[in-house]
Amino acid sequence: MMFIPKVHYLSLVVIIFITSGLIGCSTDQMIAKKVAKTFKNSEVIKQYEVGFALYNMEDKKMIFQKDADKYFTPASNTKLYTFYASLQMLPERMPALKYVERNDSLIFWGTGDPSFLQFAIKDQSAYHFLQQSNKKLFFAPGRYSGSFFGNGWSWDDYDYYYQPEITEMPIMDNMVTSTYINSNKINIVPKVFASCFEVDSTKTSGNFQVTRDFLVNHFSYPAVAIKPGYNQQNPYKTSIQTTVEVLADTLHKPVGVMKMKIPADAQTLLGAARDSVLKHMMLPSDNFIAEHLLLLCSNQIGDTLSTTKAIQYVTKKYLSFLPDKVQWADGSGLSRQNLFTPRDNVYLLDSIYKLVNNREKLFNMLPAGGKSGTLKSAYPKTDQPFIYGKTGSLGGVHNQSGYVLTKKGKTYIYSFMNNNFVRPTAEVRAEMVRIMTYIHDEF
């Protein structure tokens, strides 16, 4: 057996360690050089503002940055911050209601929970609790301190499915759903809104489509045939009275209103599984769920439901590790007042990865390129995705931030932000996909 003197053995270990470090360093430098060349040679990217960051999770090093410290409009990349806040602050089963029983009455307060008969989550915890109670029901409003729209939202979008109003007691997505029965008839849910629908006899051509007046729940539709498969959601105008009417109609029992602050002995009814709700937010990029998750976060810190207070709390308590100060306005990313940097997104995704501490579980909650969610059609169809992350789109904005798996077995974090373009979004998306596929194939 060959004997290696201790001093020589230690020297050999040091040499191997240094050499491996140099190899790792040179590999990252090689990747950075090739990615930089790819960006430089892109004729598409030259035409608008682009920020990009690529991060080596294993070595905890930034590999490549292009304006990664500059601020960009994130659109629905904002949901990554809401996702992180919810993981930090919400219990495994979300607070559905707060309530007390007083004599023959059950008095309840909303928590902002979006899952009450939400069309995808289908949680019925609060519904069954209220429906099965033998006491008189009273809704106690007044917890929500904000506006029915988030800061910086476009009011022109009030009638679109992606922008329902924010309330402390959301029900059925705060939307009216109308579906095809026959060529002359639609089904309306919640049924309490049926009397609010009216045919507009002056419109006798075009496709069948329901529209709502801006400030009231008056819905109109043209005098044309309804086509099979028709399905539409319109946000309804919220108010305390509307909330009570929808509740009473849904529960099939009277619901009153009571002005009362939450007492110290109020109990909390637990509802939907948090991670299920987060998945339903992330995969289709559901704005309604995102906004109300921040209200649920504020429910955890006080009696007032406030998006602003939730954001301030999360920013101070959980985001101090980020290199750049976030400008965070809402939960969904509908607001153009949101401004984040690509490197902030990368470090946030790194923290999310560590917090979940279960790769398979995390990736199952995120859109997967070519397989699920908002990334399903962005990449070629596959059962083995190499991209997991979050998209974000507004007019002139299209982003991706997430995790890229390479053919060499590496997992890198990336944030690819595109702002201020006037060319078709499909072309911007295709260029992102081309570059991320290159990173997957080469490294």
Side-chain angles (χ1 to χ4, degrees), residues 35 38-39 42-55 64 66 72-83 120 161-162 278-287 289-290 332-334 338 340 342 345-346 348-349 352-353 359-360 362-407 410-443:
V35 173
T38 302
F39 273 87
S42 171
E43 293 299 322
V44 177
I45 282 175
K46 292 175 182 178
Q47 300 179 29
Y48 48 86
E49 299 299 319
V50 176
F52 182 80
L54 186 67
Y55 181 77
F64 175 74
K66 173 180 167 53
F72 291 82
T73 301
S76 283
N77 270 200
T78 303
K79 292 183 178 72
L80 289 168
Y81 291 78
T82 303
F83 183 81
Y161 73 93
Y162 54 79
L278 291 179
K279 181 177 180 178
H280 282 296
M281 171 183 69
M282 296 298 278
L283 263 64
S285 198
D286 192 300
N287 298 326
I289 293 177
S332 63
L334 282 170
N338 293 305
F340 301 130
N345 293 345
V346 159
L348 181 80
L349 284 159
I352 287 172
Y353 192 92
R359 179 188 179 96
E360 182 179 357
L362 173 60
F363 286 0
N364 185 53
M365 296 164 74
L366 299 175
K371 187 176 182 180
S372 65
T374 53
L375 285 169
K376 183 176 182 178
S377 60
Y379 290 81
K381 184 178 179 181
T382 181
D383 289 326
Q384 295 182 314
F386 60 86
I387 291 287
Y388 295 88
K390 187 72 199 73
T391 57
S393 299
L394 290 170
V397 174
H398 193 58
N399 311 312
Q400 280 184 27
S401 296
Y403 309 90
V404 53
L405 284 54
T406 75
K407 286 186 175 180
K410 296 287 187 179
T411 300
Y412 297 125
I413 301 176
Y414 75 99
S415 181
F416 204 143
M417 306 189 78
N418 306 279
N419 280 196
N420 301 329
F421 57 83
V422 294
R423 63 191 308 142
T425 300
E427 295 179 11
V428 177
R429 182 188 302 112
E431 188 65 355
M432 270 201 299
V433 170
R434 183 185 73 82
I435 292 174
M436 294 314 302
T437 302
Y438 170 77
I439 292 171
H440 160 72
D441 289 342
E442 294 294 319
F443 311 123

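The structure displayed is predicted, hence computed values, not measured ones. We use all heavy atoms of the structure for the numbers below, so side chains are in, but hydrogens, waters and symmetry mates are not.
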Testing the basics here: between Ser415 and Met417, what is the closest heavy-atom pair and its distance to 0.1 Å?
OG-CG, 3.7 Å
Student check: side-chain heavy atoms of Ser401 and Leu80 closer than 4.5 Å:
yes
Asn418 and Val50 have their tightest heavy-atom pair at OD1-CG2, 3.5 Å
Take Tyr162 and Asp286 through the test side chain to side chain donor-acceptor pair (under 3.5 Å) and record every step on the way to the result.
CA-CA 7 Å; Tyr162 54 79; Asp286 192 300; over 6 Å; no
Side chain to side chain contact (heavy atoms under 4.5 Å, CB included) partners for Ser372, two or more places apart
Leu283, Ala368
Could you check whether any side-chain heavy atom of Met436 comes within less than 4.5 Å of a side-chain heavy atom of Tyr414, counting everything from C-beta outward?
yes
Within-4.5 Å side-chain heavy-atom neighbours: Leu362 and Phe83:
yes
Is there a side-chain contact between Asn345 and Tyr81 in this structure, where contact means two heavy atoms from C-beta onward sitting under 4.5 Å apart?
yes
Test salt bridge (charged side-chain N to carboxylate O under 4.0 Å, His left out) applied to Glu43 - qualifying residues, sequence neighbours left out
Lys46
Work out which heavy atom in Pro342 is nearest to a heavy atom in Phe72; give both atom names and the distance.
CD-CD1, 3.8 Å
Donor-acceptor contact present, side-chain Asn399 to main-chain Pro74, <3.5 Å:
yes
Could you tell me which non-hydrogen atom of Gly402 sits nearest to which non-hydrogen atom of Leu349, and how far apart they are?
N-CD1, 3.5 Å
Val35 versus Phe443: any side-chain heavy-atom pair under 4.5 Å?
yes
Short side-chain to backbone donor-acceptor contact, Thr406 and His440, under 3.5 Å:
no
What one should report as the nearest heavy-atom pair of Asn287 and Ser76 is OD1-OG, 4.1 Å
Side chains of Ile45 and Ile435: does their closest heavy-atom pair fall under 4.5 Å?
yes
Check: Asn419 side chain, Glu49 main-chain N or O, donor-acceptor pair, under 3.5 Å:
no
Using the ring-ring contact (aromatic ring centres under 6.0 Å, His included) rule, take Phe416 and Phe39 through it: C-alpha gap first, then chi angles, then the decisive distance, then the call.
CA-CA 11 Å; Phe416 204 143; Phe39 273 87; 5.5 Å; yes
Can Tyr403 and Tyr412 be said to form a ring-ring contact (aromatic ring centres under 6.0 Å, His included), step by step?
CA-CA 6 Å; Tyr403 309 90; Tyr412 297 125; over 10 Å; no
Non-neighbouring partners of Thr382 that pass side-chain hydrogen bond (donor to acceptor under 3.5 Å, both in side chains), sequence neighbours left out
none
Lys79 side-chain N/O to Ser332 backbone N/O, donor-acceptor pair under 3.5 Å:
yes
Check whether any side-chain heavy atom of Thr73 sits under 4.5 Å from a side-chain heavy atom of Asn338, and report yes or no.
no
Can we call the ring centroids of Phe64 and Tyr55 under 6.0 Å apart?
no
Check: Ile387 and Gln400 side chains under 4.5 Å, non-hydrogen atoms
yes
Distance-only polar pair, side chains of Ser285 and Lys390, donor-acceptor under 3.5 Å
yes
Can you tell me if Tyr161 has over 12 outside heavy atoms packed within less than 6.0 Å of its OH?
no
Which is it for Tyr379 and Thr437 under the side chain to side chain contact (heavy atoms under 4.5 Å, CB included) test, yes or no, and what are the steps along the way?
CA-CA 9 Å; Tyr379 290 81; Thr437 302; 4.1 Å; yes
Sole candidate of Val428, Val397, Val422 that passes side chain to side chain contact (heavy atoms under 4.5 Å, CB included) when paired with Tyr48:
Val428
Cut-off 3.5 Å, side chains only: do His398 and Thr425 have a donor facing an acceptor?
no
What verdict does the side chain to side chain donor-acceptor pair (under 3.5 Å) test give for Thr411 and Arg359, after you've listed the backbone C-alpha separation in whole Å, the side-chain angles of each residue and the deciding distance to 0.1 Å?
CA-CA 11 Å; Thr411 300; Arg359 179 188 179 96; 2.9 Å; yes
To the nearest 0.5 Å, how far apart are CG in Asn364 and OH in Tyr388?
9.0 Å
List the steps, then state whether side chain to side chain contact (heavy atoms under 4.5 Å, CB included) holds for Gln47 with Arg423.
CA-CA 9 Å; Gln47 300 179 29; Arg423 63 191 308 142; 2.7 Å; yes
Ignoring hydrogens, what is the shortest heavy-atom contact between Met365 and Met282? Give both atom names and the distance.
O-CB, 3.2 Å
